[in-house]
Amino acid sequence: MAEPQPRGPDPDGAERDWFGYPLPPSEGGARGPVACPLCGVPFTAADELAAHAASVHGLRRGSGRRPGVTGRLRRWWHALGFLPLWFVLPLDALLVALVVAVLWDVDPWVAAAAGALATFPLVLVLSHRTFSRRV
């Protein structure tokens, strides 16, 4: 059985645990280099990579924030205005017919209720056209 190596720096400078494995950066180990995704140049600091991306590739750092739920809903609501009715009406009629045909053997009342609920995409598009703030 091999003797466990003591914890400490290796000749190559990497910190190792009692079993000889390199320590992760969260426990004091060295960070491995990360390659630039566009050209492959290795970097060990995030600021250096950001400066490289900005100067060489013309990329800027984003704010790092994701849009909130209201921003996503507002974009989704705005996108409904780009769906033409000639596309939504036949697709919705096909969806209603499919739902009613599948559920008719289960119960006609359930099929009718589910078919009515299947018109929801058409209701959304028409409500957007009615209540949007377009002039």
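Atoms considered below: every heavy atom in the structure, side chains included; atoms not considered: hydrogens, waters and symmetry mates.
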Residues that His57 engages under side-chain hydrogen bond (donor to acceptor under 3.5 Å, both in side chains), provided they are two or more places apart: His52
In a table with atom names and distances, give each donor-acceptor pair under 3.5 Å that connects a side chain of residues 103-127 to protein atoms at least two apart or in another chain.
residue, atom, partner, partner atom, Å
Thr119, OG1, Ala116, O, 2.6
Ser127, OG, Val123, O, 3.0
Ser127, OG, Leu124, O, 2.9

Say whether Val41 and Leu49 are linked into one hydrophobic cluster, either directly or through other cluster members, by side-chain heavy-atom distances under 4.5 angstrom. yes
List for me each residue that meets side-chain contact (heavy atoms from CB on, under 4.5 Å) alongside Pro84, sequence neighbours excluded, and say none if there are none. Trp86, Phe87
Student check: side-chain heavy atoms of Cys36 and Phe43 closer than 4.5 Å: yes
Between atom OG1 of Thr70 and atom CZ of Arg75, what is the distance when rounded to the nearest 0.5 Å? 10.0 Å
Suppose clustering is done on Ile, Leu, Val, Met, Phe, Trp and Tyr with side-chain heavy atoms closer than 4.5 Å. Which residues sit in the same group as Leu59? Leu38
Would you mind listing every salt bridge (charged side-chain N to carboxylate O under 4.0 Å, His left out) that reaches into residues 92-102, with sequence neighbours excluded? none
Looking at CZ of Arg129 and CG of Leu80, how far apart are the two atoms once the value is rounded to the nearest 0.5 Å? 9.5 Å
Are Phe82 and Trp76 in one and the same hydrophobic cluster, where Ile, Leu, Val, Met, Phe, Trp and Tyr link if side-chain heavy atoms are under 4.5 Å apart? no
Flag the pair Val56 / Cys39 as yes when at least one side-chain heavy-atom distance between them is below 4.5 Å, and no otherwise. no
Give the minimum heavy-atom separation between Ala35 and Gly40, together with the two atoms involved. CB-O, 3.8 Å
Same cluster or not: Leu85 versus Leu83, using hydrophobic residues (I, L, V, M, F, W, Y) connected whenever any side-chain heavy atoms lie under 4.5 Å apart? yes
Taking only residues at least two apart or on different chains, which pairs with a member in residues 33-59 satisfy salt bridge (charged side-chain N to carboxylate O under 4.0 Å, His left out)? Asp47-Arg61
